[in-house]
Amino acid sequence: MFSLGLVMFILSCAIFQAFPVSSSNNYGGLFPELYQISCPQANEIVMSVLEEAISKDPRMAASLLRLHFHDCFVQGCDASILLDKNSAFKSEKEAGPNKNSLRGYEVIDEIKAKLEQVCPHTVSCADILALAARDSVVLSGGPYWEVPLGRRDSKTANFNKANINIPAPNSTIQNLINLFNKQGLNEQDLVALSGGHTIGMARCVSFKQRLYNQKGDNLPDVTLEKTYYNGLKSICPTSGGDNNISPLDVASPIRFDNTYFKLLLWGKGLLNSDEVLLTGNVKKTKELVKSYAENEAIFFRHFAKSMVKMGNINPLTELKGEIRNSCRRIN
Ligand code: HEM
Ligand SMILES: *[C@@H]1O[C@H](CO)[C@@H](O)[C@H](O)[C@H]1NC(C)=O
């Protein structure tokens, strides 16, 4: 009897032969053409589910972009973020940076269900997250990039690492640089990827410290522009209102563009982690904020490049991990 594994192996050899250039690239064993033969409809299915989900809820594009980021920073891009808790482990969903905050799980479920109908046991949840992030950016008006594919899904999640590895909104510039370095990402990746905050929303609890007690002195962050600051105070009062939301890019919250960087120059960045890219006294990040604010094309190019880099963090390949049947549980 032919095992599915053997068939897949022969198929991947055929694909490697058909696309020798991509098999010798620097993607750690991943390559964009993986599903061209095994699931040619994969891209269309992801795109069509997203089009509907985002037209119903424009914020969903942002939520799906963030989901991929939060997946990759915890034991690599292995869909660990999607696992519900079970008797063996706590879920990453319950960790501080994710709880009551991360969204989009149902959209990934819908994509997975459609893919399982058309090409069973073929497209991993980790690859779905990477494709959904890319397509969300494209549908919001941002750049396109080819997504290297072939990540397999983890059999475990790591609640503690989710708490440790994912940067907090009140991070200093040095915290941010360190956490990104730990993932093999540099200062340029940090600034370019922070540009993901050109779409989406944050809860009051994520920026309250800046409004009322930035340095433990009961004073606001002096870098906040006055009228912007007053507006934020009405959304986010001293006590309560923790779940009230405000756009990360107040000028164009559902459009992927470079206004996030322009707003930073005007003292209108929402999170402390946004602000410190400019005022954190690191020359490199400061200069990049300015250059992205001036030149959207450079931002788009760097963003796409850094997304590929982030998407390649520690993937499970070959015999490691599995292709989950449901993204919420191991097989
Ligand atoms: C640099 C360090 C980063 C920090 C400290 C950070 C922090 C945050 C916080 C606190 C929120 C709001 C969560 C809430 O209040 O519910 C948020 C939202 C968001 N983040 Fe980040 N983030 C960072 C990097 C990134 C990266 C690299 C991406 C993607 C490339 C990203 C994409 C997003 C998006 C799209 C949203 C909005 C999500 C939505 O509306 O559902 N962030 N981030
Ligand atoms: C960030 O916020 C956490 C939790 O609210 C707090 O414990 C920590 O001291 C804050 N860090 C900074 C640098 O303000």
Side-chain angles (χ1 to χ4, degrees), residues 57-67 69-70 96-104 136 140-142 166-176 179 190-282 285-286 288-290 292-293 296 299:
D57 171 13
R59 184 185 170 193
M60 191 50 71
S63 304
L64 293 170
L65 173 59
R66 186 170 183 234
L67 209 45
F69 162 51
H70 284 213
N98 300 329
K99 196 175 180 182
N100 299 323
S101 179
L102 222 48
R103 316 165 70 239
S136 292
S140 307
I166 299 169
N170 66 349
S171 296
T172 63
I173 188 70
Q174 208 51 57
N175 292 153
L176 295 174
L179 286 171
L190 167 63
V191 182
L193 291 173
S194 292
H197 291 173
T198 177
I199 51 175
M201 314 289 286
R203 291 162 306 152
C204 158
V205 70
S206 299
F207 56 88
K208 186 177 263 186
Q209 185 185 341
R210 297 187 74 199
L211 305 182
Y212 304 109
N213 194 15
Q214 172 69 352
K215 293 182 182 156
D217 51 6
N218 290 314
L219 292 172
D221 184 340
V222 293
T223 62
L224 279 165
E225 189 272 337
K226 204 80 208 160
T227 54
Y228 181 60
Y229 163 69
N230 286 326
L232 290 179
K233 280 202 296 185
S234 68
I235 296 167
C236 188
T238 333
S239 70
D242 281 3
N243 290 317
N244 296 350
I245 55 173
S246 185
L248 287 155
D249 168 350
V250 70
S252 56
I254 60 169
R255 175 127 201 109
F256 197 101
D257 54 20
N258 70 336
T259 47
Y260 164 81
F261 295 103
K262 294 181 183 167
L263 290 167
L264 289 185
L265 297 182
W266 302 332
K268 296 182 181 180
L270 184 60
L271 307 178
N272 189 67
S273 60
D274 299 319
E275 171 61 33
V276 297
L277 300 174
L278 181 70
T279 57
N281 276 320
V282 173
T285 64
K286 187 194 297 257
L288 283 166
V289 168
K290 289 180 187 162
Y292 296 161
E296 187 173 78
F299 165 50

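- Side chain to side chain, T223 and T279 fail the donor-acceptor criterion of an N or O pair below 3.5 Å.
- For the pair H197 and L271, the minimum side-chain heavy-atom distance is below 4.5 Å.
- Nearest heavy-atom pair, S246 versus F207, reported as atom, atom and distance to 0.1 Å: CB-CZ, 3.8 Å.
- In plain terms, the two heavy atoms of S171 and V276 that are nearest each other are O-CG2, 4.0 Å.
- There is no side-chain donor-acceptor pair under 3.5 Å between T227 and N230.
- The main-chain N or O of G240 is found under 3.5 Å from a side-chain atom of K208 such that the two form a donor-acceptor pair.
- Relative orientation of the F261 and F299 rings is perpendicular, given thresholds of 30° and 60° on the angle between their planes.
- No side-chain heavy atom of R210 sits less than 4.5 Å from a side-chain heavy atom of P169.
- Rounded to the nearest 0.5 angstrom, D249 CG and R255 CZ are separated by 11.0 Å.
- Taking OG of S206 as the start and CG of D242 as the end, the distance is 9.0 Å to the nearest 0.5 Å.
- At most 12 heavy atoms of other shown residues, nucleotides or ligands fall within 6.0 angstrom of atom CG in N281.
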Walk me through whether N213 and L219 qualify under side-chain contact (heavy atoms from CB on, under 4.5 Å). CA-CA 5 Å; N213 194 15; L219 292 172; over 6 Å; no
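- Here OH of Y229 is found 11.0 Å from SG of C236. Values are rounded to the nearest 0.5 Å.
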With side-chain contact (heavy atoms from CB on, under 4.5 Å) as the test, would you mind laying out the steps for N272 and Q214 before giving the verdict? CA-CA 9 Å; N272 189 67; Q214 172 69 352; 2.9 Å; yes
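- I199 and S140 make their closest contact through CD1-OG, 4.2 Å (heavy atoms, listed as atom of the first residue, atom of the second, distance).
- Judged by distance alone, with hydrogens and angles left aside, the side-chain atoms of T259 form no donor-acceptor pair with the main-chain N or O of K262 at under 3.5 Å.
- For the atom pair I166 CD1 and L102 CG, the distance stands at 7.5 Å (nearest 0.5 Å).
- Summarising the geometry of S101 relative to R66, their closest heavy-atom pair is OG-NH1, 2.8 Å, with the distance given to 0.1 Å.
- Put simply, the side chain of N244 gets close to the backbone of I235: a donor and an acceptor are under 3.5 Å apart.
- Within the 4.5 Å cutoff, the side chain of L190 has no heavy atoms near those of the L288 side chain.
- In this structure, the side chains of L277 and I173 come closer than 4.5 Å at one or more pairs of heavy atoms.
- The closest side-chain heavy-atom distance from L232 to L224 is below 4.5 Å.
- Note that the OG1 atom of T238 and the CG atom of N218 stand 10.5 Å from one another [nearest 0.5 Å].
- Put simply, the side chain of S194 never gets that close to the backbone of D274: no donor and acceptor are under 3.5 Å apart.
- Scanning both residues, N243 and R203, for their nearest heavy atoms gives OD1-CD, 3.6 Å.
- To the nearest 0.5 Å, the span separating OH on Y260 from CG on L265 amounts to 11.0 Å.
- The heavy-atom pair separating N258 from Y292 by the smallest distance is ND2-O, 2.9 Å.
- Counting heavy atoms from C-beta on, the side chains of N175 and P167 never come closer than 4.5 Å.
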